[in-house]
Amino acid sequence: MVAGVRPFQQFVLKVHSRCDLACDHCYVYRHADQSWRHQPRAMTPQTVRTTASRIAEHAEAHRLNRVRVVLHGGEPLLAGRDRLRLVARELRSALSGVAELDLRMQTNGLRLDEAWCALLVEEHIVAGISLDGDRISNDRHRVRTDGSGSYDDVVRAVRLLGAPEHRSAFAGLLCTVDVENDPAAVYRALVQLRPPRIDFLLPHATWDRPPHRPHGPTDYADWLITVFDIWNSEDRPVPIRMFDSIRASAAGRAASTEVLGLGSPDLVVVETNGAIEQADWLKTVGQGAAATGYHVATDSFDVAAAHPGFLARAPGVGAMSGQCRRCHVVTVCGGGLYGHRYRTANGFDNPSVYCADLLRLITHVRRADGPRRHHRLAEADFETLAFGGGDADVVGRLADAQISLRRSLLAHLHKAGALTGEAWNSLLQEDAAVVDAVLAQPYIRAWAVQCCEALADGRKHPDTGRLAEMALAAAIGSKRRLDLTVPLRSGAVQLPGLGRMTVSDTGVLAAGELHLTVEDGRMRGSEAITFEPLRQVTADGISVGLEDTDPYRDCHTWPSAHRLSEDEAGRWQELFAEAWDILRRDHRRYAQDLAVGLRSITPLTPVPGRRVSDTSRHAFGAVAIALPELAEDLALLLVHEFQHAKLGALLDMYDLVDPAHDRLYQVAWRPGPRSVESALQGAYAHLAVADVWRRRTGGEAAEQARYWQAAAVAALDDIVAGGGLTALGLRFADGMRTPAGGAPVLERW
């Protein structure tokens with residue numbers, strides 16, 4: 001392993017170097033680099049095996065949990081079914097026991113038929129299809145060598161891949177933006193095909209070869225804003241990667257596209273001859289711009305990662321031009337795609353050639369995302385959750401919806417006159433992303449719900465001072481100065497996500513309030529203050545709050561534990577790290593969900609002789625657990641409870657159960673009859689419990705897996721037959737039992 005290199009996590013394999021379309025905007029065939037002419041048409045079996053071995057070597061050296069391999073071209077389907085099956089199996093064999101393989105493909109779709117779709121499903125290859133919108137828009141550029149359009153054949157392929165028996169292999173649609181096309185017509189044509197996702201691609205360009213702008217300096221932003229406004233007004237019926245990435249970056253999460261954000265450049269290309277190259281879009285810069293001189297037969301990916309071309313694309317603001325570093329949206333934009341910064345005079349030390357477009361688009365999306373939030377999911381997300389989850393992007397959107405819901409609760413309380421004054425005004429002055437970071441703390445909603453219930457009952461809630469604590473936490477996050485008087489609660493002030501300040505000054509205690517000042521992210525106040533920080537339990541790739549100070553954590557069935565001693569917190573850290581290793585190794589899909597959605601663990605008071613855990617419907621992002629003796633038990637409880645959290649968040653958005661249905665159901669995991677919602681929750685969580693047991697070894701494991709699967713399916717059958725589910729609930733139940741592709745749910749997981 002070469003010291004100091006950033007590992008690659010995405011590998012693009014050029015399995016075929018030619019294409020059966022002649023698109024005039026293609027960066028491979030129509031831009032500066034014409035090296036494709038000297039590449040063999042297809043990757044040989046030996047090159048495939050060598051590449052697979054190199055990827056596994058790299059993943060093992062860097063202890064990668066998961067690698068993504070994208071089959072590309074040219075047109076990868078030209079390689080033929082036998083060759084692509086060989087590629088998939090060589091990769092899977094090489095990575096077995098090393099890392100999870102996320103195998104993707106980008107295709108024009110012309111050759112897709114039933115046999116191809118069956119192969120994609122069988123080999124777990126998830127394919128994206130390139131389509132530029134309606135017939136007129138698509139056939140403007142995506143044409144055959146004789147000039148005829150490709151629209152009809154591509155749409156036929158999209159519908160075939162989107163059919164229920166093949167949909168698990170459908171990644172979505174890739175659309176290259178042409179500002180001469182009608183944005184509304186393009187959007188409508190794509191959405192009508194019900195793809196799992198849409199990805200809009202800005203045409204590759206540089207300052208030497210700028211993009212076509214027939215109307216003005218922000219043509220591409222104006223085009224995309226038209227699409228965004230329609231999409232936004234229709235409750236975002238399908239995820240659109242560019243818009244979702246802007247929202248994710250603004251909220252402090254990683255963007256899911258290399259066009260935006262400050263993430264690490266973790267992509268490498270292997271050409272059909274085995275040459276290791278940088279990202280393909282560098283081919284628009286000049287002949288040989290993507291070349292490294294390395295080859296899989298002689299060089300490791302570690303050696304390639306130390307190439308100056310990869311090192312120059314260092315993540316972070318410091319690697320960008322001065323203009324970018326001074327820009328207020330740089331943490332969202334990330335300077336744009338690296339290749340789009342190029343100018344012959346000074347290389348890549350420039351903002352993106354789309355800088356004005358990105359600034360206008362980001363500003364528009366962030367403004368629209370402030371006052372108007374949505375509490376719905378795309379249809380594909382709903383299906384993913386029904387199948388059990390395992391998609392970090394979907395969990396991220398669940399978390400976004402919960403923040404939106406919490407904003408709505410605050411707005412309701414303000415309108416009712418419960419939340420006003422200096423603290424409220426201070427929050428209004430904060431950037432939306434800063435406020436969202438505070439609202440992401442799980443027990444904010446538990447407090448807001450109690451306030452709303454008190455108002456509904458005609459009572460004055462005793463703790464509207466919580467708003468002041470939120471304002472202080474936000475001011476610390478934004479490093480803005482704030483002077484505020486905060487009511488004391490049992491002699492303490494609790495800052496969401498940060499910890500608790502306890503006061504010993506008798507005068508302050510008698511007054512019942514504390515005056516505090518925040519400046520440059522630091523707190524100043526009375527000397528008679530003891531700060532008890534929110535401690536974190538950490539493991540490779542995750543950090544979770546150990547919540548033992550928030551007074552609203554007592555919203556669970558079981559009582560919360562006291563403030564933990566250092567030894568107790570140390571034991572939590574030890575066991576959590578062991579449990580996380582188990583989850584990453586044996587339950588990667590659940591680990592992905594937890595890594596995105598789990599914000600805190602609330603320790604519960606142990607009960608001798610039993611595992612104790614709980615999840616509150618009003619505290620998404622938190623699970624409550626009494627620390628067990630074994631890491632295996634902690635891993636199981638984390639999976640079990642977070643499944644409850646996910647379904648609870650979904651139930652906030654959709655009516656899956658009939659509220660008038662009052663029949664009770666017997667379930668295997670609880671004494672006494674349960675409501676239909678409780679039974680559905682239990683079935684959903686215990687399918688995951690069965691899956692955890694199924695992946696363990698030993699006689700007890702197999703028995704436990706069979707028992708919990710049978711118990712969950714029996715409960716699900718009972719509530720379906722009982723008539724307590726809505727039409728949407730029945731659809732969700734069908735997804736729990738038999739996901740797309742027809743495989744039994746536990747076999748698919």
Side-chain angles (χ1 to χ4, degrees), residues 7 59-66 96-100 389-390 392 395 442 533-548 558 560-615 621-646 685-686 688-705 708 749:
E60 186 168 24
H62 292 277
R63 300 182 66 188
L64 298 181
N65 182 39
R66 183 171 181 258
S96 177
V98 177
E100 180 183 4
V395 174
L534 175 68
R535 290 172 293 205
Q536 303 284 318
V537 286
T538 62
D540 186 20
I542 188 171
S543 179
V544 176
L546 195 58
E547 184 57 83
D548 57 0
W558 304 92
S560 300
H562 53 71
R563 170 72 171 176
L564 300 180
S565 68
E566 291 302 320
D567 286 346
E568 289 170 328
R571 178 58 180 156
W572 264 101
Q573 171 58 53
E574 178 184 347
L575 215 63
F576 179 80
E578 293 177 19
W580 190 250
D581 282 344
I582 293 169
L583 290 169
R584 286 186 57 194
R585 183 186 69 238
D586 300 332
H587 311 289
R588 290 191 177 113
R589 291 187 180 276
Y590 299 121
Q592 291 167 22
D593 287 357
L594 287 161
V596 171
L598 184 63
R599 300 298 297 257
S600 65
I601 300 173
T602 295
L604 296 177
T605 301
V607 176
R610 65 178 300 174
R611 289 192 291 259
V612 174
S613 64
D614 196 20
T615 305
V623 298
I625 296 173
L627 187 65
E629 292 292 327
L630 301 175
E632 289 85 353
D633 289 341
L634 180 57
L636 183 143
L637 292 173
L638 287 168
V639 170
H640 176 195
E641 294 302 338
F642 198 68
Q643 290 295 99
H644 279 302
K646 285 159 44 182
H686 282 89
V689 168
D691 189 38
V692 171
W693 279 110
R694 187 173 62 86
R695 293 173 187 270
R696 293 183 181 177
T697 57
E700 182 198 9
E703 181 181 345
Q704 289 284 341
W708 290 116
W749 288 359

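Atoms considered below: every heavy atom in the structure, side chains included; atoms not considered: hydrogens, waters and symmetry mates.
- Side-chain atoms of Leu534 and Glu547, non-hydrogen and from C-beta on, do get closer than 4.5 Å to each other.
- Atom CD of Gln536 and atom OG1 of Thr538 lie 8.5 Å apart (nearest 0.5 Å).
- The number of heavy-atom neighbours closer than 6.0 Å to CD of Glu632, taken from other residues, nucleotides and ligands shown, is above 12.
- With rounding to the nearest 0.5 Å, the separation of CG in Leu634 from CD1 in Ile601 is 6.0 Å.
- Across every non-hydrogen atom of Trp558 and Leu604, the tightest pair is O-CD2, 3.6 Å.
- Of all non-hydrogen atoms in His640 and His686, the two that sit nearest each other are NE2-CE1, 3.7 Å.
- The shortest side-chain heavy-atom distance between Gln704 and Arg696 does not fall under the 4.5 Å cut-off.
- Qualifying salt bridge (charged side-chain N to carboxylate O under 4.0 Å, His left out) partners for Asp540, counting only residues two or more places apart in sequence or in other chains: Arg584.
- Residues Leu637 and Val623 have side chains not in contact (no heavy-atom distance under 4.5 Å, counting atoms from C-beta outward).
- Between Arg611 and Asp633 there is a salt bridge, since a side-chain N of the basic residue sits under 4.0 Å from a carboxylate O of the acidic one.
- Here Ile542 contributes atom CD1 and Gln592 contributes atom CD; the two are 12.0 Å apart, rounded to the nearest 0.5 Å.
- Within the 4.5 Å cutoff, the side chain of Arg563 has heavy atoms near those of the Arg535 side chain.
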message = Run the salt bridge (charged side-chain N to carboxylate O under 4.0 Å, His left out) test on Arg571 and Glu568 for me, step by step, so that the C-alpha distance in whole Å, both residues' side-chain angles and the decisive distance to 0.1 Å come before the verdict.
response = CA-CA 5 Å; Arg571 178 58 180 156; Glu568 289 170 328; over 6 Å; no
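- Taking every heavy atom of both residues into account, His644 and Ala685 meet most closely at NE2-CB, 3.5 Å.
- The backbone N or O of Asn65 sits nowhere less than 3.5 Å from a side-chain atom of Glu100 that would complete a donor-acceptor pair.
- Contact detail for Arg66 and Ala99: the closest heavy-atom pair is N-CB, 4.1 Å.
- Other residues, nucleotides and ligands place more than 12 heavy atoms under 6.0 Å from the CZ atom of Arg585.
- Summarising the geometry, atom CZ belonging to Phe642 is positioned 6.5 Å from atom CG belonging to Leu598; distances are rounded to the nearest 0.5 Å.
- In this structure, the side chains of Phe576 and Leu638 come closer than 4.5 Å at one or more pairs of heavy atoms.
- Scanning all heavy atoms of the two residues, the minimum distance from Trp580 to Ala539 falls at CD1-CB, 3.5 Å.
- A donor-acceptor pair is defined here as one N or O able to donate and one able to accept, closer than 3.5 Å; no such pair exists between the side chain of Ser600 and the backbone of Ala622.
- Scanning all heavy atoms of the two residues, the minimum distance from Val639 to Ala688 falls at CG1-CB, 3.9 Å.
- At a threshold of 4.5 Å between non-hydrogen side-chain atoms, the residues Asp548 and Ser560 do not count as touching.
- Using a 4.5 Å heavy-atom threshold, the side chains of Arg589 and Asp593 count as separate.
- Among residues two or more places apart in sequence or in another chain, the ring pair (Phe, Tyr, Trp, His ring centres under 6.0 Å) test is passed with His587 by none.
- The environment of CD in Glu703 is sparse: at most 12 heavy-atom neighbours from other residues, nucleotides or ligands sit within 6.0 Å.
- Considering only heavy atoms from C-beta on, Leu636 comes within 4.5 Å of Trp693 through its side chain.
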